[in-house]
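All of these numbers come straight from a predicted model, not from anything done at the bench.
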Amino acid sequence: YGTLEKVVEAMKAGADDFVPKPFDADHLRVVVTRSVERQRLRRENALLREDAGADVLPIIGGSSSVVEMMDVGKRAATSTASILLLGESGTGKEVLARAIHGWSPRRDMPFVGVNCTALHGHLLESELFGHEKGAFTGAEKLKRGRFEAARGGTLLLDEIGATQPDFQVKLLRVLQEGVFERVGGERPIEADVRIIAATNRDLEKAIDDGSFLGDLYYRLNVVAIQVPPLRDRRDDIPELARFFIRKHAHQVNRDVLDLTQPAIDALVSHDWPGNIRELENAGQRAVVLGQG
């Protein structure tokens with residue numbers, strides 16, 4: 001039963017609206033729908049601000065390994081199956097993950113990524129699942145995690161092989177039951193996300209030495225896609241190099257027309273241990289330091 005004091009108290013607590021008794025069901029439905037839509041827009045705006053500087057690249061190349069990789073990715077994208085991307089560091093696993101999201105029915109919902117190597121223990125749990133106010137020292141307010149931010153869309157767990165076994169057990173439960181709780185919370189929250197995991201580690205070897213949970217591996221490895229190293233797709237190197245050179249030349253307002261044939265030969269003959277990331281770095285350096 002509404003009073004001005006209760007309305008003010010509710011709004012200060014974060015309420016989107018206030019429905020006094022007796023209420024009309026149709027009005028309540030409109031209020032709830034409007035509130036859910038506002039929450040969705042807030043979540044998407046936050047993600048857009050976070051990704052504003054992200055380097056979203058197209059998949060470039062027509063080598064047989066890339067064509068096969070894209071074919072598997074497009075077929076897997078139409079399902080809700082978990083996808084495991086395997087490949088060396090710098091091969092473009094996140095680029096492929098974003099492409100799979102774009103090919104999927106979830107393309108209009110958020111794509112959210114988290115690098116599992118950057119966070120450990122409670123920090124990683126809090127980042128993914130969120131936490132309740134007072135859940136631990138420093139948790140001064142409720143925080144919604146990446147699972148909630150990605151609701152309806154795709155969640156990329158990059159470098160999943162770097163996670164600790166206790167976290168893996170909790171992630172396995174989410175994949176099995178489709179729900180999670182915030183750190184310090186008890187209310188189950190639906191995990192309506194498509195999971196893409198990526199790693200540069202040999203997870204089967206990690207299972208053998210006890211550092212990775214076998215059951216989690218099989219849950220994630222419904223569809224495995226191998227992302228080839230750059231040395232195995234040398235025919236794509238000239239096109240990739242030109243792309244990076246044009247990109248960085250545009251950023252620094254330099255007029256770079258093309259690569260010479262000796263430059264192309266040198267690029268193609270290099271083994272690129274850092275893969276595409278190393279190639280982009282080389283292109284950027286050439287644009288910045290090149291004379292003529």
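- Distance check, rounded to the nearest 0.5 Å: CD of Glu88 to CD1 of Ile276 gives 11.0 Å.
- The main-chain N or O of Ala197 is never found under 3.5 Å from a side-chain atom of Lys93 such that the two would form a donor-acceptor pair.
- Under the 4.5 Å side-chain heavy-atom criterion for Ile, Leu, Val, Met, Phe, Trp and Tyr, Met11 and Val36 are members of distinct hydrophobic clusters.
- Listed for the Arg151 side chain is no donor-acceptor partner under 3.5 Å among the backbone atoms of Asp192.
- The two residues Ala150 and Val193 have their closest heavy-atom pair at O-CG1, 3.4 Å.
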Check your understanding: Can you list the steps and then say if Asn281 with Arg285 is a side-chain hydrogen bond (donor to acceptor under 3.5 Å, both in side chains)?
Key -> CA-CA 6 Å; Asn281 180 267; Arg285 185 169 61 250; 2.8 Å; yes
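- Rounded to the nearest 0.5 Å, atoms CZ (Phe136) and CG (Leu123) are 7.0 Å apart.
- In this structure, Asp26 pairs ionically with Arg29, as a charged nitrogen and a carboxylate oxygen lie closer than 4.0 Å.
- A donor-acceptor pair under 3.5 Å is formed between the side chain of Asp202 and the backbone N or O of Glu204.
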Practice item. Any chance you could lay out the side-chain contact (heavy atoms from CB on, under 4.5 Å) test for Asp71 and Glu68, step after step, and finish with the verdict? Key: CA-CA 5 Å; Asp71 179 58; Glu68 181 181 355; 5.6 Å; no
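- A donor-acceptor contact closer than 3.5 angstrom is absent between the side chains of Arg219 and Ser82.
- Within the 3.5 Å criterion, the main-chain N or O of Thr117 finds no donor-acceptor partner in the side chain of Glu159.
- Between the side chain of Arg254 and the backbone N or O of Gly290, at least one donor-acceptor pair lies under 3.5 Å.
- Heavy-atom minimum distance, Arg234 versus Val268: NH1-O, 2.6 Å.
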Check your understanding: Under the side-chain contact (heavy atoms from CB on, under 4.5 Å) criterion, do Ile59 and Met69 qualify, and how do the steps go?
Key -> CA-CA 10 Å; Ile59 296 179; Met69 177 188 76; 4.2 Å; yes
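- Considering OH of Tyr217 and CG of Leu203, their distance stands at 6.5 Å, rounded to 0.5 Å.
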Exercise for review: Please step through side-chain contact (heavy atoms from CB on, under 4.5 Å) for the pair Ile189 and Phe129, ending with a clear verdict.
Suggested key: CA-CA 9 Å; Ile189 302 170; Phe129 305 137; over 6 Å; no
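- Hydrophobic clustering keeps Leu289 apart from Leu279 (ILVMFWY residues linked when any side-chain heavy atoms are closer than 4.5 Å, directly or through intermediates).
- Using a 4.5 Å heavy-atom cutoff, the side chains of Arg182 and Arg187 are in contact.
- Taking both residues in full, the closest heavy atoms of Ala266 and Ser269 are given as O-OG, 3.0 Å, listed atom of the first, atom of the second, then distance.
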Point to revise | Stepwise salt bridge (charged side-chain N to carboxylate O under 4.0 Å, His left out) test for Asp166 and Lys170 | key: CA-CA 7 Å; Asp166 57 342; Lys170 295 175 182 178; 5.7 Å; no
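- With hydrogens and angles ignored, the 3.5 Å screen pairs no side-chain donor or acceptor of Arg146 with any backbone N or O of Leu128.
- Of the inter-residue distances, the one linking Ile100 atom CD1 with Met70 atom CE reads 10.5 Å to the nearest 0.5 angstrom.
- If you take SG on Cys116 and CG on Leu157, they are separated by 5.0 Å, rounding to the nearest 0.5 Å.
- Every residue meeting the salt bridge (charged side-chain N to carboxylate O under 4.0 Å, His left out) condition with Arg233, not counting sequence neighbours, appears here in chain and number order: Asp236.
- With rounding to the nearest 0.5 Å, the separation of CG in Leu86 from OG1 in Thr199 is 7.5 Å.
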Practice item. Given side-chain hydrogen bond (donor to acceptor under 3.5 Å, both in side chains), test Glu280 with His248 step by step and report yes or no. Key: CA-CA 9 Å; Glu280 178 172 12; His248 290 289; 3.0 Å; yes
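- Side-chain atoms of Gln284 and Phe244, non-hydrogen and from C-beta on, never get closer than 4.5 Å to each other.
- Not one N or O on the side chain of Arg194 forms a donor-acceptor pair closer than 3.5 Å with the backbone of Thr154.
- The backbone N or O of Ser89 sits less than 3.5 Å from a side-chain atom of Asn275, completing a donor-acceptor pair.
- When the side chains of ILVMFWY residues are joined at heavy-atom separations under 4.5 Å, either directly or via intervening members, Val183 and Leu142 end up in two distinct hydrophobic clusters.
- Aromatic ring orientation, Phe147 versus Phe180: tilted (interplanar angle from 30° to 60°).
- Of all heavy-atom pairs between Ile160 and Thr163, the closest is O-OG1, 2.8 Å.
- For Gln168 (side chain) and Ser211 (main-chain N/O), a donor-acceptor pair under 3.5 Å exists by modelled atom type.
- In the hydrophobic cluster analysis, where Ile, Leu, Val, Met, Phe, Trp and Tyr join through side-chain heavy atoms closer than 4.5 angstrom, Ile83 is grouped together with Val222.
- By the rule that hydrophobic residues join a cluster once side-chain heavy atoms approach within less than 4.5 Å of another member, Tyr218 and Leu216 end up as members of one cluster.
- No donor-acceptor pair closer than 3.5 Å links the side chain of Ser35 to the backbone N or O of Val32.
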